[in-house]
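First up is the structure itself, then whatever we jot down about it.
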Protein chains: 2
Amino acid sequence: MTSVNQPHDHHLCISEALQEARTLCQQKGARLTYLREKVLELVWQSHQPIGAYDILAELAKQEERVAQPPTVYRALDFLLEQGLIHRLSSLNAFIGCPHPGKKHNSCFLICQNCRVTQEIDHQAINQSIASCATDQGFKITDAAIELTGLCSICQEAQG
Amino acid sequence: MTSVNQPHDHHLCISEALQEARTLCQQKGARLTYLREKVLELVWQSHQPIGAYDILAELAKQEERVAQPPTVYRALDFLLEQGLIHRLSSLNAFIGCPHPGKKHNSCFLICQNCRVTQEIDHQAINQSIASCATDQGFKITDAAIELTGLCSICQEAQG
DNA sequence: TGAAAGATGTTATATCATAACCGAATCGCT
DNA sequence: AGCGATTCGGTTATGATATAACATCTTTCA
């Protein structure tokens, strides 16, 4: 898979993500309603994390009815529960999960310049985190690993 | 060093933290004013992260004058710049740094039951993070590694 | 078909954080 | 000591993120 910060046909990312979501929700008996799918599509608009209120603003542009914050947050909560998106707490923003349905650990590389964010499932990180927890007798239920910096492209550009 | 979730003389933690802060600020020519030191002391009240508005409430109890949010946030910004505290973005809260002035990477173990939070500088994690970044040609400027779960004591208590 | 569960609409408010402006305190210099 | 520059904190207002609570509508399924 090519990296998210390389040029690519992004419509393909969107349609694949939506298709996977439909399949997964059907398998689980979860209801991917119009609104939820719409919000998921908006999250997948780009590989940059998007805030709840930005989603709200997009919805206001694209839909007849103007939604209120709880509407968006409920859709986001659903998508989080289904593992279709992730929340980045260092940005208060959301991003699509590139491999939903598959058990994985996430590490996010967030470019502070172009904001493109890449999700990695890195074995060495997973193992070191696990061994750290074991050392301390700590039982992890949730891990937020968010690395901010410059992606390779922005480094070159700013060189 | 004994773990923060073991019983210990916490007044010692506070006084050591304050003393280190005074020394470091003096070395750097940074002004650790009454208010900043007071806020640092409140952050060190416990090994549980504290929110800005909780600090504000404590200040209101302990001081004549009732402070406003910017006052607290400015003090927190100063303490962050000086490396005396850390911000936990998954909690929107702040915690004292146990070894300020020493260059280190932080990994936080946050107990979801007792909320006691331990800061670890774990070599294997540091290395794996670094190698992940290298793999991707990513240049890290800031890392937020926040692991939520159950500390050893709360695991025992909850069976 | 009708009761229960689930989804969304709606209003209000909680929670976290900062902009902008001003006066007071402190510092560095002569 | 006096003065100008800088930093600090007070104050008001507001921005940004998130949720509680209750009403209504839709879907499910016995």
Side-chain angles (χ1 to χ4, degrees), chain A residues 21-22 25-43 48-60 62-82 84-95 115 144 146, chain B residues 21-22 25-43 48-60 62-82 84-95 115 144 146:
Chain A
R22 286 182 207 110
C25 285
Q26 191 154 36
Q27 284 171 7
K28 294 200 248 180
R31 285 157 68 181
L32 187 62
T33 62
Y34 171 77
L35 186 68
R36 289 165 172 175
E37 185 171 327
K38 186 75 204 172
V39 169
L40 180 59
E41 185 187 334
L42 289 173
V43 169
Q48 300 163 336
I50 185 172
Y53 280 76
D54 294 328
I55 293 171
L56 198 56
E58 281 301 313
L59 276 180
Q62 298 182 20
E63 304 289 312
E64 292 289 318
R65 226 165 222 311
V66 176
Q68 297 302 313
T71 298
V72 169
Y73 279 102
R74 281 188 291 230
L76 289 169
D77 286 343
F78 171 84
L79 297 170
L80 285 168
E81 274 166 26
Q82 301 304 319
L84 296 168
I85 63 172
H86 296 290
R87 179 171 192 276
L88 297 170
S89 60
S90 64
L91 296 177
N92 294 331
F94 302 85
I95 193 160
R115 304 197 300 109
E146 303 176 16
Chain B
R22 287 183 207 111
C25 285
Q26 191 155 35
Q27 284 171 9
K28 294 200 247 180
R31 284 155 69 179
L32 187 62
T33 61
Y34 171 77
L35 186 69
R36 290 165 172 175
E37 185 171 327
K38 187 74 203 172
V39 169
L40 180 60
E41 184 187 334
L42 290 173
V43 169
Q48 300 163 337
I50 185 172
Y53 279 75
D54 294 328
I55 293 170
L56 199 54
E58 281 302 313
L59 276 179
Q62 298 183 19
E63 305 288 312
E64 292 289 319
R65 222 163 226 314
V66 177
Q68 297 302 314
T71 299
V72 169
Y73 279 102
R74 281 187 293 228
L76 290 169
D77 286 343
F78 170 85
L79 297 170
L80 285 168
E81 275 166 25
Q82 301 303 319
L84 296 168
I85 63 172
H86 296 291
R87 179 171 190 276
L88 296 170
S89 60
S90 64
L91 297 177
N92 293 330
F94 302 85
I95 194 162
R115 303 197 301 110
E146 302 176 18

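Excluded from the calculations below are hydrogen atoms, water molecules and symmetry mates; all remaining heavy atoms, backbone and side chain alike, are included. Each chain gets a letter, A, B and so on, in the order the sequences are listed, and its residues count up from 1.
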Using whole Å, report how far [atom1] of [X] lies from [atom2] of [N].
X       : N      : atom1 : atom2 : result
B:Ile55 : C:dT15 : CD1   : C1'   : 15 Å
B:Leu56 : C:dA14 : CG    : C1'   : 15 Å
B:Leu35 : D:dT7  : CG    : P     : 18 Å
B:Glu64 : D:dG9  : CD    : C1'   : 17 Å
B:Glu81 : D:dC8  : CD    : C1'   : 13 Å
B:Leu79 : D:dC8  : CG    : P     : 12 Å
B:Tyr53 : C:dT15 : OH    : P     : 11 Å
B:Glu63 : D:dG10 : CD    : P     : 10 Å

Heavy-atom side-chain proximity of [X] to [Y] below 4.5 angstrom:
X        : Y       : value
B:Lys38  : B:Gln62 : yes
B:Val72  : B:Tyr53 : no
B:Arg115 : B:Leu91 : no

On DNA chain C, more 5' by nearest nucleotide between A:Ala30 and A:Val66 is A:Ala30

Above 12 or not: heavy atoms from other molecules or residues under 6.0 Å from CD of B:Gln26? no

Of the nucleotides C:dT18, C:dT10, D:dT17, which has the atom closest to the A:Asn92 side chain? D:dT17

Check every atom of D:dT27, C:dT18, C:dT11 against the side chain of B:Pro69 and return the nucleotide holding the closest atom. C:dT18

Need one value for B:Arg74: base, sugar-phosphate or nothing, where a base atom within 4.0 Å counts as base even if backbone is also close, heavy atoms only. base

Base, sugar-phosphate, or nothing: which does B:Thr71 touch, judged by heavy atoms less than 4.0 Å apart? base

Judged by each residue's nearest nucleotide on DNA chain D, which is more toward the 5′ side, B:Gln68 or B:Arg36? B:Arg36

Exactly one of B:Ile95, B:Val39, B:Val43, B:Ile85 clears side-chain contact (heavy atoms from CB on, under 4.5 Å) with B:Ile50, and that residue is B:Val43

Looking only at side-chain N and O atoms, does B:Thr33 come under 4.0 Å of OP1 or OP2 in C:dA25? no

Any side-chain N or O of A:Arg31 under 4.0 Å from OP1/OP2 of D:dT28? no

